[in-house]
Amino acid sequence: MNWGKVVYIFFALMSLTTAAEFLYDKNEIALFIAASINLVSTLLKIGVKNIFSAELFASSLVADLHLIPAFVVLQVNANMTLCYSLVIGAVIANVFSLALVLIESAKTQEEF
């Protein structure tokens, strides 16, 4: 088992689930945790060398650039509608990222 890949996919999936948890709970602590975990996931994607590494990194940056402004908007304006829509964008970017991970995993299984 490749433990590096396990950690990498763990944080990618955790990014999605914590953002989805904010959509359910609408709590600024949940949003902070979602943004923090997504930043860790982005940092882990820097060293990835696979077929879709550029796409994975770009989708993670998109999620970061949705979650961080969402947190700032929630703290400064308390505009829940804008914050909610930004988090939905981050969830979509994370779903795209996980779809790429699944495609890449299927392609590497074909090679063996």
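Closest approach of Glu28 to Leu74, counting heavy atoms only: CB-CD2, 3.6 Å. Asn38 and Ser15 make their closest contact through OD1-CB, 3.2 Å (heavy atoms, listed as atom of the first residue, atom of the second, distance). Across all their heavy atoms, Ser60 and Ser41 have their closest contact at OG-C, 4.1 Å. When all heavy atoms of Pro69 and Leu86 are compared, the closest pair comes out as C-CD1, 4.0 Å. Pairing each heavy atom of Val73 with each of Cys83, the nearest pair is CG1-N, 4.3 Å. The shortest heavy-atom contact between Tyr8 and Val101 is OH-CG2, 3.8 Å.
Side-chain N or O atoms of Asp25 include none that pairs as donor or acceptor with a backbone N or O of Asn27 at under 3.5 Å. Not one N or O on the side chain of Ser53 forms a donor-acceptor pair closer than 3.5 Å with the backbone of Lys49.
Sorted pairs that involve residues 40-61 and meet ring-ring contact (aromatic ring centres under 6.0 Å, His included), not counting sequence neighbours, are lacking altogether.
Residues Leu23 and Leu16 are members of one and the same hydrophobic cluster, defined by side-chain heavy-atom contacts under 4.5 angstrom among Ile, Leu, Val, Met, Phe, Trp and Tyr. A single hydrophobic cluster is not seen to contain both Met14 and Leu39; linkage of ILVMFWY side chains at heavy-atom distances under 4.5 Å, directly or through other members, places them apart. Hydrophobic clustering, with ILVMFWY side chains joined whenever heavy atoms are under 4.5 angstrom apart, groups Phe10 together with Leu44. Leu67 and Val95 fall within a single hydrophobic cluster, where Ile, Leu, Val, Met, Phe, Trp and Tyr side chains are chained together by heavy-atom contacts under 4.5 Å. There is no path of hydrophobic side-chain contacts, each under 4.5 Å, that joins Ile68 to Phe71.
Looking only at side-chain heavy atoms (C-beta outward), Ser97 and Glu55 stay at 4.5 Å or farther from each other. Proximity of Glu104 to Lys5: side-chain heavy atoms (C-beta onward) are separated by under 4.5 Å at one or more points. In this structure, Ile51 and Ile103 have side chains that are not in contact, with every pair of non-hydrogen atoms separated by 4.5 Å or more.
When the shell of 6.0 Å around CD1 of Ile46 is examined, it contains more than 12 heavy atoms from other residues, nucleotides or ligands.
In the hydrophobic clustering (ILVMFWY side chains linked at under 4.5 Å, chained through shared members), Val72 is joined by Val76.
Within the model, atoms CG of Leu31 and NZ of Lys26 stand 12.0 Å from one another, a figure rounded to the nearest 0.5 Å. For the atom pair OG1 (Thr18) and CZ (Phe32), the distance works out to 12.0 Å, reported to the nearest 0.5 Å.
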> side chain to side chain contact (heavy atoms under 4.5 Å, CB included) between Asn94 and Thr17: does it pass, once the steps are laid out?
Replying inline: CA-CA 9 Å; Asn94 281 326; Thr17 57; over 6 Å; no
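Side-chain contact, Ser59 with Lys45: no donor N or O sits under 3.5 Å from an acceptor N or O. One side chain, Asp64 or Thr42, offers a donor N or O that lies under 3.5 Å from an acceptor on the other.
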